[in-house]
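Notes follow the structure.
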Amino acid sequence: MKTLLIPTVILGVIPALAGELTLLRDGKSDYQIVVPDRHDSPALADCLQQAARLLQTAFQANGAIVPIVPERQRDGARPSLYLGNTDFARKHGIDVRAFRDWSYVLRAVGRDIVIAGHDHAAKAGPGRPGQQNWDRVATAKAAADFAQQFMGVRFLYPDLPPYSTVAAAAKIDLLASPAIEFLPRTAITVPHDLNLAKTPLLRVNTSHPPSAGFYDLAHNRFPRVDEVFGGHTWERAVPAELFAEHPEYFALIQGSRLKPQVGMAQYCLSNGDVQERIYRDLASWLDRGYTSVDLGQPDGFQECQCPKCEALYGTGKDWAEKIWIFNRLTAERLERSHPGRQVTIMSYGPTASPPKSFTKFPANTCIMLTGTNEEDIAPWRAIETPRGFTGYVYNWCPNLGTRYTPMRTPGYIERQVKRLAAAKIQAIYRDGPGQLFGLEGPVYYVMGRMFDDPENNTAKALLAEFYEAAFPDRGVAAIMQQFYEELYRAIVLYSDHLGTRCDLWTIQVLPGEGRPRKTVQDPFQLIAFLYPPRVLTALESRLSEAERMATTAKVKTRLKLVRTEFEYLKHLARVVHLHQAYEMVPDAASLGRLLDAIDARNAFIASLYDGRGHAVLAGNWSYPLFPFPGHDANHLRLAYDGYQEPYANTCFNWDTKAKRHELESEKK
């Protein structure tokens, strides 16, 4: 996060006495929290009210009752925390409308403090059905950072369900929520000359499902505001249904037009109508008020073999260059028709490497890097990209593990964030959201806080911050640190090398043997290696000790989440180990132990749901964190093969009753 000291002469800071402003001491405060009299929309008013309540709760946690009042009703005799676009802020030279993205100011004016960002409703018109147009509530980001920096507030876990804004916090008790910790303070102070303007490193950091609660904003997880995410956008412009009427729009493969499957269409790029449709699709979003659109070729790209396509742009069979030239021409056309707007071009598959025939993109162009390792970033340093870069990160896209087991270490995340910051990545999409808050909560915390200050923050310091806040009961933080360190040691090879898009994700066993192959191809081999019995026993010992030592409700609730996810992991690993034992000694005794383990695992999974199939809410969370929203018992049983999750046809989904019947028949 960039920090800028604003010159006093520009913002008109009123000189104050040297020292600190005391907001609270010994459970008492003179302050009031002031919100604007006017808002752009009722939704924004609700968000600002909850941002104010967050600060109010931080005071309450330390014994002080601080009122929230509209500006016209403030008590002139009391100092104030002014939130948002107040008259007071404007009178002192703060024009939030000039702030870009999620920028904000924290500024002392005498004894008063301004906490303000640019809050505005989404400018874009309605998009596709079910698509959410997010408002920007930068003051809520400012309030969360202020609370974190000066008031001892720690945002440890999601406070609100997916698709929520901070307005939804009205439904929860912030003080009691296990998602947030309010560290005890005998005094809350800020520098008397506090005068900071901050522009977060990222303007977008999202995934599916998206959210924008206090946890998200505090951890620099920003939803898209007035930006259309597309990735593979050609099919949106030229849908597969057009094949019946216009087969000429689609790729000619081995003498025939390739009939498209939904999500897998391929195109004849030399067709003028195809080019026009792609341009018009992008322009239509900008016409609706969006400020940025994505542009990218289909996944699994297949080149059209017609003579016109081969002659297109004079690149012959170099299809990567054809696509780059077409994309550049489309961006130039959009720059003429929609000046000031942005197009983000995807670098992926055939366009993974930069163009060869030119080194400069139009002024409206941003490049989406779908690989963000150093070898992916380095070739782009010679290419002029005026709007910079966005990127995909695949941290929690499983590679023969499961989405319900840990994937990354804090060290991996620290190195990644520093690399992204150095490459000036301004937006990221997390392909695989990261939802394992019990076992990976510290890792997500490190990632979010690293983006605050990539140069100076470290995983080591941030982990200590997390453990001390999440497990403040005497001795529990130290035990949980040992638990997580054992877990990180267990998965580090997967996290740093075998995981999706890592250096050993794929290998060539023999030089020149062709396309690299997946390094690990047997998921049971991977699980057995990562979680041997010794590791599981050590983890169990640490967690059990922490559970015995816990005394407060919040800590017990957080440990219960860790326990639930760890029990899932133990059941998974136990089945794998016993299946391997059965493969080594395929007798009735081995099979019986394996079937018992499968049944125990299924019974554990069933216990996570009520009679209607809804996940059981264990504790004072605002929603069940595990199982994940939208994931039923079949998902947890791994009954469906997901991307790089080949478990459907393994023993996890055996009909154990039938297997036992076979076993009994054989005995007879």
Side-chain angles (χ1 to χ4, degrees), residues 14 16 20-40 42-92 94 96 104-117 119 137-153 155 159 165-177 180-190 192 194 213-214 217-218:
I14 299 174
E20 295 178 324
L21 299 177
T22 300
L23 278 60
L24 173 144
R25 186 173 297 280
D26 298 328
K28 298 179 181 179
S29 177
D30 295 330
Y31 276 78
Q32 60 191 329
I33 301 170
V34 177
V35 295
D37 293 326
R38 299 171 299 279
H39 301 272
D40 286 355
L44 286 174
D46 291 341
C47 288
L48 264 289
Q49 185 67 23
Q50 294 310 309
R53 191 167 75 90
L54 172 69
L55 301 182
Q56 183 186 51
T57 305
F59 281 109
Q60 179 188 350
N62 292 288
I65 304 301
V66 173
I68 300 171
V69 296
E71 190 169 15
R72 65 180 179 276
Q73 296 177 12
R74 70 181 180 85
D75 183 346
R78 302 180 68 169
S80 302
L81 301 181
Y82 287 95
L83 266 62
N85 190 20
T86 58
D87 289 337
F88 182 88
R90 292 192 297 273
K91 287 176 181 177
H92 289 86
I94 299 174
V96 297
Y104 64 81
V105 296
L106 305 177
R107 181 176 158 228
V109 181
R111 293 185 66 198
D112 299 310
I113 298 173
V114 175
I115 302 170
D119 308 319
V137 195
T139 297
K141 165 63 175 170
D145 282 9
F146 182 86
Q148 187 165 250
Q149 184 172 354
F150 297 110
M151 305 182 82
V153 181
F155 303 91
D159 47 303
T165 69
V166 294
K171 300 177 182 178
I172 67 172
D173 182 341
L174 293 173
L175 192 59
S177 171
I180 306 173
E181 188 68 26
F182 297 87
L183 300 177
R185 293 286 185 266
T186 57
I188 296 175
T189 63
V190 301
H192 77 282
L194 177 66
F214 287 124
L217 298 185

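Only a predicted model underlies this, so the values are computations on that prediction, with no experimental measurement involved. Values below: every heavy atom of this structure, side chains too, minus hydrogens, waters and symmetry copies.
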**OP:** First locate atom CD1 of Ile188, then atom CG of Asn62, and finally report the distance between them rounded to the nearest 0.5 Å.
**Re:** 5.0 Å
**OP:** Could you tell me whether the side chain of Phe59 reaches within less than 4.5 Å of the side chain of Leu81, counting heavy atoms only?
**Re:** yes
Original post:
Does the Thr189 side chain pair with the main chain of Leu21, one donor and one acceptor, at a distance under 3.5 Å?
Top reply: no
**OP:** On the 0 to 90° scale, with breaks at 30° and 60°, tag the Phe214-Phe155 ring pair as parallel, tilted or perpendicular.
**Re:** tilted
Original post:
Heavy-atom count around Arg25 CZ within 6.0 Å, excluding the residue itself: above 12?
Top reply: no
Subject >> Leu55 to Ala143 - nearest heavy-atom pair and separation >> reply: CD2-O, 3.7 Å
**OP:** Apply side chain to side chain donor-acceptor pair (under 3.5 Å) to Thr57 and list each qualifying residue two or more places apart in sequence or on a separate chain.
**Re:** none
**OP:** Specify the closest pair of heavy atoms between Ala144 and Leu54, including all atoms of both residues, with the distance to one decimal.
**Re:** CA-CD2, 4.0 Å
Original post:
To the nearest 0.5 Å, how far apart are OG in Ser29 and CD in Gln60?
Top reply: 13.0 Å
Original post:
Any luck finding a side-chain donor-acceptor pair between Gln50 and Arg53 under 3.5 Å?
Top reply: yes
Original post:
What pair of heavy atoms forms the shortest contact from Val166 to Cys47, and how long is it?
Top reply: CG2-CB, 3.6 Å
Subject >> Side chains of Leu23 and Phe150 in contact at under 4.5 Å (non-hydrogen atoms) >> reply: no
Original post:
Any side-chain heavy atom of Phe182 sitting closer than 4.5 Å to one from Met151?
Top reply: no
Subject >> Exam field: side chain Gln56 to backbone Ile33, donor-acceptor pair closer than 3.5 Å >> reply: no
Subject >> Approximate separation, where rounding is to 0.5 Å, of Leu175 CG and Glu181 CD >> reply: 9.5 Å
